[in-house]
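Read the structure below first, then the notes.
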Amino acid sequence: MEISSATADSPPPPASGPATEARTKSATRPGDRIFLAFSRGSGILLLVIMAAIAVFLTVRATSALSKNEGNFFTTFEWTANGTPPVFGIAVLAFGTVVSSVIAMLIAVPVAIGIALFISHYAPRRLAAPLSYVIDLLAAVPSIVYGLWGALFLVPHLGGLYSWFDDYLGWTGILAYHDGAARSLFTIGILLAIMILPIVTSVSREVFLQTPKMNEEAALALGATRWEVIRMAVLPFGRSGVISASMLGLGRALGETMAVATVLSPGFEIGKSLLDPGGGTFAQNIASSFKESGEIGKDALIASGLVLFVLTLLVNGAARLIIARRKEYTA
């Protein structure tokens with residue numbers, strides 16, 4: 001009796017037969033092995049490329065920094081072709097971060113509103129063409145945005161800047177002293193327009209993936225349309241919105257031609273965001289690379305290394321934000 005009881009409690013032996021042999025054979029088919037090898041090789045190749053870029057930038061940056069007579073992080077000057085070479089990234093780092101932050105503050109709320117309108121409010125006849133137009137805007141070249149900004153946006157921002165000066169000029173940050181509106185704030189507005197289609201498209205697709213059962217359950221309990229969005233749609237799509245925002249921030253940080261076309265470069269940090277001047281990493285590289293000598297090019301590569309590291313930190317921070325919330329990664 002004891003033997004039979006132990007036998008009854010023990011797990012059944014693994015099934016064997018034609019079905020098991022077929023599954024084992026299918027798991028080791030040549031096609032599966034080839035696909036696994038290609039997938040693994042692609043991942044390794046990506047890491048190798050990133051490492052090669054980092055090594056190249058570090059080697060060339062070290063060569064320039066060893067000859068720099070100024071402090072690379074605090075110097076408000078860029079005369080890398082001079083004798084002796086003196087250059088620093090203080091103005092470039094400030095301009096890059098400030099213009100990108102302004103762009104994000106403007107673009108992200110508007111993009112979320114547009115995405116919610118398309119996915120949950122607009123009728124299908126309107127949502128489809130509106131989605132197409134937004135996707136089309138994401139494919140417009142940067143130089144087109146730059147020409148539009150220089151020829152249309154800059155001449156028409158004087159009135160807005162005057163309004164800022166009348167009501168917010170006492171802060172000093174938004175004081176306007178006339179002149180062309182070729183400032184970091186203008187760049188922030190232009191970058192916001194450029195990243196708006198990207199953030200909107202990704203956010204829209206994420207909101208459309210919200211489980212219909214959750215929305216219908218909220219409606220059945222008497223929730224309004226806004227309450228459904230606040231309780232079901234936004235929590236579900238939060239990680240996607242963060243990813244979309246970081247994607248847009250990556251483009252804002254590295255935007256080159258549009259910024260170079262609109263901004264009046266100058267290595268000084270004004271008291272007001274509406275003052276002309278300033279610069280960004282990408283704009284400085286595009287504007288100075290052709291006329292730079294060997295040391296000057298290495299100095300520009302050193303600034304590119306800082307931008308490379310800054311982009312990695314931004315994306316890493318986004319991943320940490322998402323990973324800290326288990327419901328985002330579920």
Could you walk me through whether Val202 and Ser243 pass side-chain contact (heavy atoms from CB on, under 4.5 Å), step by step?
CA-CA 8 Å; Val202 178; Ser243 301; 5.6 Å; no
State whether the side chain of Arg60 and the backbone N or O of Asp298 hold a donor-acceptor pair below 3.5 Å, judged by distance alone.
no
When you measure from the side chain of Thr210 to the backbone of Phe207, do you find a donor-acceptor pair of N or O atoms at a distance under 3.5 Å?
yes
Minimum heavy-atom separation for [X] to [Y], with atom names?
X      : Y      : answer
Asn71  : Asn68  : C-ND2, 4.3 Å
Val91  : Phe267 : CG2-C, 3.8 Å
Lys67  : Pro85  : O-CG, 3.2 Å
Gly278 : Leu263 : O-CD2, 3.7 Å
Asp165 : Tyr176 : OD1-N, 2.9 Å
Ala180 : Pro276 : O-CG, 3.6 Å

Atom pair [atom1]/[atom2] of [X] and [Y] - distance to nearest 0.5 Å:
X      : Y      : atom1 : atom2 : result
Leu92  : Gln283 : CG    : CD    : 7.5 Å
Ile195 : Leu249 : CD1   : CG    : 7.0 Å
Ile53  : Leu305 : CD1   : CG    : 11.5 Å

Between Tyr167 and Trp163, what is the ring plane arrangement, given parallel below 30°, perpendicular above 60°, and tilted in between?
tilted
Assign the ring pair Phe87 / Trp78 to parallel, tilted or perpendicular, where the plane angle (0 to 90°) is split at 30° and 60°.
tilted
Test side chain to side chain contact (heavy atoms under 4.5 Å, CB included) applied to Val259 and Leu190, Thr186, Thr280, Leu184, the passing residue:
Thr280
Tell me whether Leu168 shares a hydrophobic cluster with Ile173, the cluster being built from Ile, Leu, Val, Met, Phe, Trp, Tyr side chains joined at under 4.5 Å.
yes
Is there a path from Val86 to Phe76 through hydrophobic residues (I, L, V, M, F, W, Y) whose side chains come within less than 4.5 Å of each other?
no
Residues at least two apart in sequence or cross-chain that pass side chain to side chain contact (heavy atoms under 4.5 Å, CB included) with Val306, listed by chain then number, are Phe72, Ile89, Phe281
Is there a side-chain contact between [X] and [Y], using heavy atoms and a 4.5 Å cut-off?
X      : Y      : value
Ile134 : Ile118 : yes
Leu174 : Leu274 : yes
Tyr161 : Phe164 : yes
Phe117 : Thr200 : no
Trp148 : Val144 : no
Val101 : Met104 : no

Residue pair Thr75 / Glu77, side-chain donor-acceptor N/O under 3.5 Å
no
When you look at Val228 and His120, which way does the side-chain contact (heavy atoms from CB on, under 4.5 Å) test go after all the steps?
CA-CA 10 Å; Val228 171; His120 288 81; 5.8 Å; no
